[in-house]
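Heads up: the structure comes next, in structure tokens.
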Amino acid sequence: MKVAKFGGTSVASAEQIKKVADIVAADKERKIVVVSAPGKRSSADTKVTDLLIRLAEEALSQGDTENALEAVVARYSDIATGLGLGDDIVATIEADLRKRLEFDRNQPESFIDLIKASGEDNNAKLIANYFQSLGLNAVYLNPQDAGLYVSDEPGNAQVLPEAFDHLSKLADTKEIIVFPGFFGYSKEGKLVTFPRGGSDITGSILAAGVEAELYENFTDVDSVFAANPNVVANPVKIKRMTYREMRELSYAGFSVFHDEALIPAFRKRIPVCVKNTNNPASSGTMIISEREYFLNPVIGIAADEGFSTIYVRKYLMNREVGFGRKLLQILEDECLSYEHIPSGIDDTSVILRQNQLTPEMEARIIKRIREELCVDDVYVEKDFAMVMIVGEGMHNTVGVSARATAALARANVNIEMINQGSSEVSLVLGVHQEDADRAVRALYEEFFAGAGETVQ
Ligand SMILES: Nc1ncnc2c1ncn2[C@@H]1O[C@H](COP(=O)(O)OP(=O)(O)O)[C@@H](O)[C@H]1O
Ligand SMILES: N[C@@H](CC(=O)OP(=O)(O)O)C(=O)O
């Protein structure tokens with residue numbers, strides 16, 4: 001059995017959904033089909049998920065929900081017409097949305113989750129309906145009925161271990177199951193969404209649950225490339241990569257596959273294949289446990305923006321037992337997660353996602369660190385990007401860091417931070433945000449110039 005997930009671009013229009021049906025019908029092993037909400041039809045378009053967030057926010061601020069609701073219904077109506085489906089399905093979708101808008105708004109985050117998850121839920125119903133109209137033996141399945149239980153963290157759900165047992169029962173299905181991505185239910189029956197882009201996570205959880213032979217992730221590019229194609233022109237295609245290479249690269253900015261989606265597939269050793277809905281004949285990228293890496297020590301270069309550094313200096317920090325624990329305790333008290341902690345003798349920098357630091361939070365953290373840890377200096381610097389060079393071959397190849405730093409020097413990019421060693425497969429370079437694209441291009445040129453069309 002294969003689990004096939006189709007991303008927002010693959011289900012953005014009737015034309016795209018017809019391609020999805022062809023792909024599903026072409027292989028009888030494709031028994032579980034996970035779908036996203038309709039995504040962008042062009043770069044200027046708006047994803048249905050974003051239209052739904054707007055709708056939820058209008059409702060919460062007692063604004064004009066009718067226009068916002070119309071914009072969502074119009075997307076489904078266009079799709080239904082293009083697929084030759086009757087008006088019933090659109091009426092069902094509109095009624096569903098109106099019903100959701102009546103739910104309790106006292107917990108705004110849960111209310112937003114309920115509205116935004118309707119994008120996937122209604123699309124799955126519509127696509128199941130379309131498959132049936134083609135004579136395919138297909139059914140829509142709701143995540144609650146399937147037992148996809150998750151933690152009650154709105155917009156940030158994590159799968160609960162018992163979900164896998166429930167989902168394993170789907171392995172016997174005779175029908176093609178059309179399953180909405182992006183959300184599950186808490187044990188108390190509350191709908192909770194995964195982080196944005198989380199339909200990839202649903203697909204991986206299902207693939208692990210049924211122990212699929214393959215998890216296919218259909219998107220709008222022929223493969224994972226060695227660098228973001230929006231930054232580097234015609235980057236080389238990656239044929240094979242390991243779970244940990246993909247996890248590091250997607251964490252660091254390869255938005256083609258969600259970084260949290262690797263873990264369920266990895267634990268059950270389910271191979272993942274990233275493929276193109278617009279060109280299914282192309283072999284795509286296989287993500288597997290191990291690969292040979294004699295061709296190039298590096299497999300990809302990614303960059304992600306929006307990081308801040310809390311810089312702390314205290315003379316004799318190295319001798320103060322418990323300093324690191326106390327510093328991290330302050331972050332824990334304030335519910336802040338961090339990404340890296342490069343340290344010197346008398347200094348340490350805590351790098352964290354900037355979106356966690358409101359001005360009030362920043363002022364409170366600085367005050368607490370200064371007063372409770374009696375430091376000589378503490379301040380926050382903003383707008384950093386983390387550039388990550390990733391490859392299984394890096395740890396036993398001499399000179400990767402030297403090549404990387406020399407390439408950045410030639411491109412006149414100042415390196416603010418280097419973190420190497422904790423991960424065997426990556427090197428992280430902190431640079432100013434405005435230098436990030438230049439850094440990626442310089443590193444790509446250094447490691448991939450003349451590499452041909454594909455790597456590994
Ligand atoms: N290294 C990369 N390789 C391939 N695509 C990438 C990479 N980095 C970023 N992307 C972007 O990811 C996009 C696909 O992801 P996404 O838009 O989330 O697709 P979907 O709608 O299928 O979920 C591609 O169109 C491409 O612009
Ligand atoms: N629709 C959700 C979940 C998702 O995975 O979408 P996509 O497949 O378009 O990345 C989002 O936009 O976040």
Side-chain angles (χ1 to χ4, degrees), residues 4-13 16-17 19-20 23 34-43 45-54 72 75 112-113 115-124 155-157 179-184 193-205 216-239 241 245-246 248-261 274-279 282 284-285 287 298-304 388-390 436-437 440 443-444 448 454-455:
K5 178 260 170 175
F6 292 87
T9 48
S10 302
V11 290
S13 65
Q16 288 301 92
I17 294 173
K19 293 178 192 169
V20 170
I23 291 168
V34 177
V35 296
S36 287
K40 291 185 177 197
R41 292 159 292 185
S42 67
S43 54
D45 201 8
T46 307
K47 286 175 136 194
V48 163
T49 307
D50 291 308
L51 295 177
L52 288 163
I53 293 170
R54 199 180 299 160
V72 176
R75 287 293 303 268
I112 293 174
D113 266 12
I115 302 292
K116 76 183 186 197
S118 73
E120 286 37 39
D121 206 22
N122 284 321
N123 215 24
N156 211 11
F179 200 100
F182 193 38
F183 67 97
T193 67
F194 292 118
R196 291 299 303 269
S199 298
D200 288 343
I201 304 174
T202 306
S204 184
I205 292 167
E216 295 177 306
N217 194 281
F218 282 90
T219 182
D220 65 345
V221 280
D222 272 355
S223 67
V224 180
F225 298 109
N228 184 339
N230 304 307
V231 176
V232 171
N234 302 316
V236 297
K237 293 175 185 160
I238 299 174
K239 277 169 75 176
M241 63 200 301
E245 286 174 330
M246 188 70 222
E248 303 241 357
L249 285 165
S250 51
Y251 160 83
F254 277 18
S255 54
V256 61
F257 195 68
H258 201 289
D259 64 306
E260 290 181 28
V274 175
K275 283 178 74 84
N276 192 351
T277 298
N278 306 314
N279 184 18
S282 168
T285 298
I287 305 167
V298 175
I299 197 148
I301 292 150
D304 198 12
M388 202 180 270
I389 305 173
V390 175
D437 286 356
V440 169
L443 293 168
Y444 181 84
F448 293 97
T454 59
V455 277

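Values below: all heavy atoms of this structure, side chains included; hydrogens, waters and symmetry mates excluded. First listed ligand is number 1; within each ligand, the first listed atom is number 1.
In this structure, Asn123 contributes its side chain and Ser36 its backbone to a donor-acceptor pair below 3.5 Å. Put simply, the side chain of Ser204 never gets that close to the backbone of Ile201: no donor and acceptor are under 3.5 Å apart. Of the possible polar contacts, none joining the Ser223 side chain to the Gly284 backbone as a donor-acceptor pair under 3.5 Å is found. A donor-acceptor pair under 3.5 Å is formed between the side chain of Thr285 and the backbone N or O of Ile238. Asp200 places a side-chain N or O within donor-acceptor distance of the main-chain N or O of His258, the cut-off being under 3.5 Å.
The distance from ligand 1 to the heavy atoms of Thr219 drops below 4.0 Å at these ligand atoms: 14 (C), 15 (O), 19 (O), 20 (P), 22 (O). Which parts of ligand 1 touch Gly8 is read off a 4.0 Å heavy-atom cut-off, strictly below it: atoms 20 (P), 21 (O), 23 (O). Near Phe254, the atoms of ligand 1 lying under 4.0 angstrom from a non-hydrogen atom of the residue are 1 (N), 8 (N). Heavy-atom contacts of Asn230 reach the following atoms of ligand 1: 27 (O) (cutoff under 4.0 Å). Interface atoms of ligand 1 facing Asp220, defined by a heavy-atom separation under 4.0 Å, are 13 (C), 14 (C), 24 (C), 25 (O).
Here the shortest heavy-atom distance to atom 5 (N) of ligand 1, taken over Val256, Asn228, Val274, Asn276, belongs to Val256. Of the listed residues (Asn123, Leu52, Thr202, Thr49), the one carrying the non-hydrogen atom nearest atom 2 (C) of ligand 2 is Thr49.
A salt bridge links Asp50 with Arg196; the closest basic N to acidic carboxylate O contact falls under 4.0 Å. We find that Asp45 and Arg75 are joined by a salt bridge, their nearest charged nitrogen and carboxylate oxygen being less than 4.0 Å apart.
With a heavy-atom cut-off of 4.0 Å, Ser223 touches ligand 1 through its backbone alone. The side chain of Lys5, and not its backbone, has at least one atom closer than 4.0 Å to an atom of ligand 1 (non-hydrogen atoms only; side chain from C-beta on). Only the backbone of Ala227 comes within contact range of ligand 1, with a heavy atom under 4.0 Å; no side-chain atom does.
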#### Entry: Criterion side chain to side chain contact (heavy atoms under 4.5 Å, CB included) on Glu120 and Val11, from CA distance to verdict
CA-CA 10 Å; Glu120 286 37 39; Val11 290; over 6 Å; no
### Task
Before giving the answer on side chain to side chain contact (heavy atoms under 4.5 Å, CB included), spell out for Thr219 and Lys275 the whole-Å C-alpha distance, their side-chain angles and the decisive distance to 0.1 Å.
CA-CA 6 Å; Thr219 182; Lys275 283 178 74 84; over 6 Å; no
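Among all protein heavy atoms, the one lying closest to atom 6 (C) of ligand 1 is Pro229 CD, 3.6 Å. Protein heavy atom in closest approach to atom 10 (O) of ligand 2: Lys47 NZ, 3.6 Å. Looking only at protein heavy atoms, the nearest one to atom 11 (C) of ligand 2 is Arg196 NE, 3.3 Å. Scanning all protein heavy atoms for the shortest distance to atom 8 (O) of ligand 2 gives Ser36 OG, 2.6 Å.
At least one N or O atom of Thr9 sits closer than 3.5 Å to an N or O atom of ligand 1. Of the N or O atoms in Phe225, one or more lie within a sub-3.5 Å distance of an N or O in ligand 1. At a 3.5 angstrom cut-off on N or O pairs, Val221 does not count as close to ligand 1. Ligand 2 has no nitrogen or oxygen under 3.5 angstrom from a nitrogen or oxygen of Gly7. Between Gly8 and ligand 2, a contact under 3.5 Å exists for at least one N or O pair.
The only option from Thr49, Ile115, Asn122, Leu51 that meets the side chain to side chain contact (heavy atoms under 4.5 Å, CB included) definition with Val72 turns out to be Leu51. For the side chain to side chain contact (heavy atoms under 4.5 Å, CB included) test with Phe6, the passing option among Val34, Asn217, Ile23 is Ile23; the others fail.
Under a 4.0 angstrom heavy-atom cut-off, Lys5 registers as being in contact with ligand 2. In this structure, Gly197 is part of the shell of residues with a heavy atom less than 4.0 angstrom from ligand 2. Using a 4.0 angstrom heavy-atom cutoff, Ser255 counts as in contact with ligand 1. Heavy atoms of Lys116 come nearer than 4.0 angstrom to ligand 2 in no pair at all. Not a single heavy atom of Gly119 sits closer than 4.0 Å to an atom of ligand 2.
Side-chain contact of Thr193 with Asp113: a donor-acceptor pair under 3.5 Å is present, judged by distance alone. Defined by atom type and a distance below 3.5 Å, a donor-acceptor pair is present between the side-chain atoms of Gln16 and Asn278.
Contact check for Thr9 versus Thr277: no side-chain heavy atoms found under the 4.5 Å cut-off.
Residue Ser10 comes nearest to Phe218 through the heavy atom pair OG-O, 3.5 Å, listed as atom of the first residue, atom of the second, then distance.
Protein heavy atoms are found less than 4.0 angstrom from atom 8 (N) of ligand 1.
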